[in-house]
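Because the structure is predicted, anything quoted here is derived from the model rather than measured. Numbering of ligands and ligand atoms starts at 1, following listing order.
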Amino acid sequence: MKIDSATFYKSCSELKGLPVSSLPEIVFVGRSNVGKSTLLNTLTGRKALAKTSSTPGKTQLINYFTINDRLYFVDLPGYGYAKVAKGQRYEWGRLLGGYISEREEISLVVLLIDSRHPDMESDQQMIEFLEYYQRPYGIVLTKYDKLKQKEKSRVRKALKSFSLKTKFIVNYSALSGEGKESLLEQLENYTG
Ligand SMILES: Nc1nc2c(ncn2[C@@H]2O[C@H](COP(=O)(O)OP(=O)(O)OP(=O)(O)O)[C@@H](O)[C@H]2O)c(=O)[nH]1
Ligand SMILES: [Mg+2]
């Protein structure tokens, strides 16, 4: 797909605040700090569309962006960040889990996994969750620029053992732009 326009639409702190429109939603999930908001910015070519931070836990709400006036990209709070207060973690988990399991408009979940750590338990749990609720999902390996050559061949192997139902695996670097075109091509199939 080609992105002609991308604008912030709204933030939701509760499931009942989600938009009532029936546009398809492509959702970006992953551990805190994996690069979800950064990916949204590089993918849309809008540097400051989504707020990013080097400190985990930046995105705390469900953020909607309107793409080409016909679908939404949705940026979610990350999971797996131990330093977040317990009550807050519970709250995010509830929001995240409720959204993914119940939201009918979701056409694809893009699961971002740090290419340096492809075997985190929380990511495996997310994959199980997605498969349980029969959500179509694809995997993006982020921060690919940080990998050494030797590590690159190891990553996919590690992933393949537990992510059998993924629609795609794309290597992505926000720094070099690697993976951007192939991810856009994959997303084309889920624009409704
Ligand atoms: N080297 C490198 N750094 C990246 C890449 N993508 C993201 N980062 C850095 O990773 C950090 C976290 O990025 P965010 O996009 O804010 O991460 P997030 O997943 O939205 O995090 P939360 O909102 O806390 O869940 C920032 O310092 C980014 O600059 C990448 O492809 N390569
Ligand atoms: Mg974020």
Closest to atom 2 (C) of ligand 1 (heavy atoms only, candidates Thr55, Asp145, Leu40) is Asp145
Distance to 0.1 Å, residue and atom name: give those for the protein heavy atom nearest to atom 25 (O) of ligand 1.
Lys36 NZ, 2.9 Å
Closest non-hydrogen atoms of Phe65 and Leu40, given as atom of the first, atom of the second and distance, are CE1-CD1, 4.0 Å
Nearest protein heavy atom to atom 29 (O) of ligand 1, by residue and atom, and its distance?
Thr38 OG1, 4.3 Å
So, taking the atom named CG in Leu147 and the one named CG in Asp114, what distance separates them when rounded to the nearest 0.5 Å?
8.0 Å
Hey, does Leu141 have a side-chain heavy atom less than 4.5 Å from the side chain of Val170?
no
What residue and heavy atom of the protein are closest to atom 24 (O) of ligand 1, and at what distance?
Gly57 N, 2.6 Å
Atoms of ligand 1 close to Gly78 [distance to a heavy atom under 4.0 angstrom, numbered from 1]
25 (O)
Under-4.0 Å heavy-atom contact with ligand 1, by part of Ser37 that carries it:
both
What's the shortest distance from atom 26 (C) of ligand 1 to any protein heavy atom, and which residue and atom give it?
Ser53 O, 3.5 Å
If you take the nearest heavy atom of each of Ser173, Gly30, Gly35, Ala50, which one is closest to atom 17 (O) of ligand 1?
Gly35
Can you tell me how the ring of Tyr72 sits relative to the ring of Tyr9, calling it parallel under 30°, perpendicular over 60° and tilted otherwise?
parallel
OG on Ser182 to CD1 on Ile169, rounded to 0.5 Å
12.0 Å
Any chance the side chains of Tyr172 and Ser115 put a donor and an acceptor closer than 3.5 Å?
no
Near the Mg ion (ligand 2), is there an N/O/S atom from Thr38 that is less than 2.8 Å away?
no
Are Glu25 and Tyr190 close enough that a side-chain donor and a side-chain acceptor fall under 3.5 Å?
no
Hey, which atoms in ligand 1 end up nearer than 4.0 Å to a heavy atom of Pro56?
24 (O)
With atom 5 (C) of ligand 1 as the reference point, say which of Arg31, Lys143, Lys146 has the nearest heavy atom.
Lys143
Are any of the N/O atoms on Ala174, whether in the backbone or the side chain, positioned under 3.5 angstrom from an N/O atom of ligand 1?
yes
May I ask you to check whether Pro77 has an N/O atom sitting below 3.5 Å from an N/O atom of ligand 1?
no
Between Asp75 and Ser37, a side-chain donor and acceptor under 3.5 Å:
yes
Would Glu151 and Arg116 pass as an ion pair if we require N to O under 4.0 Å?
no
Based purely on interatomic distance, does Asn33 place a nitrogen or oxygen under 3.5 Å from a nitrogen or oxygen of ligand 1?
yes
Is there at least one pair of N or O atoms, one from Tyr172 and one from ligand 1, spaced under 3.5 Å apart?
no
Testing the basics here: between Ile26 and Ser107, what is the closest heavy-atom pair and its distance to 0.1 Å?
CG1-OG, 3.7 Å
Please determine whether a side-chain nitrogen of the Lys or Arg among Lys2 and Asp4 lies less than 4.0 Å from a carboxylate oxygen of the Asp or Glu.
yes
Regarding ligand 1, does Lys51 bring an N or O atom to under 3.5 Å of one of the ligand's N or O atoms?
no
Counting from 1, what ligand 1 atoms have a heavy atom of Ser54 closer than 4.0 Å?
27 (O)
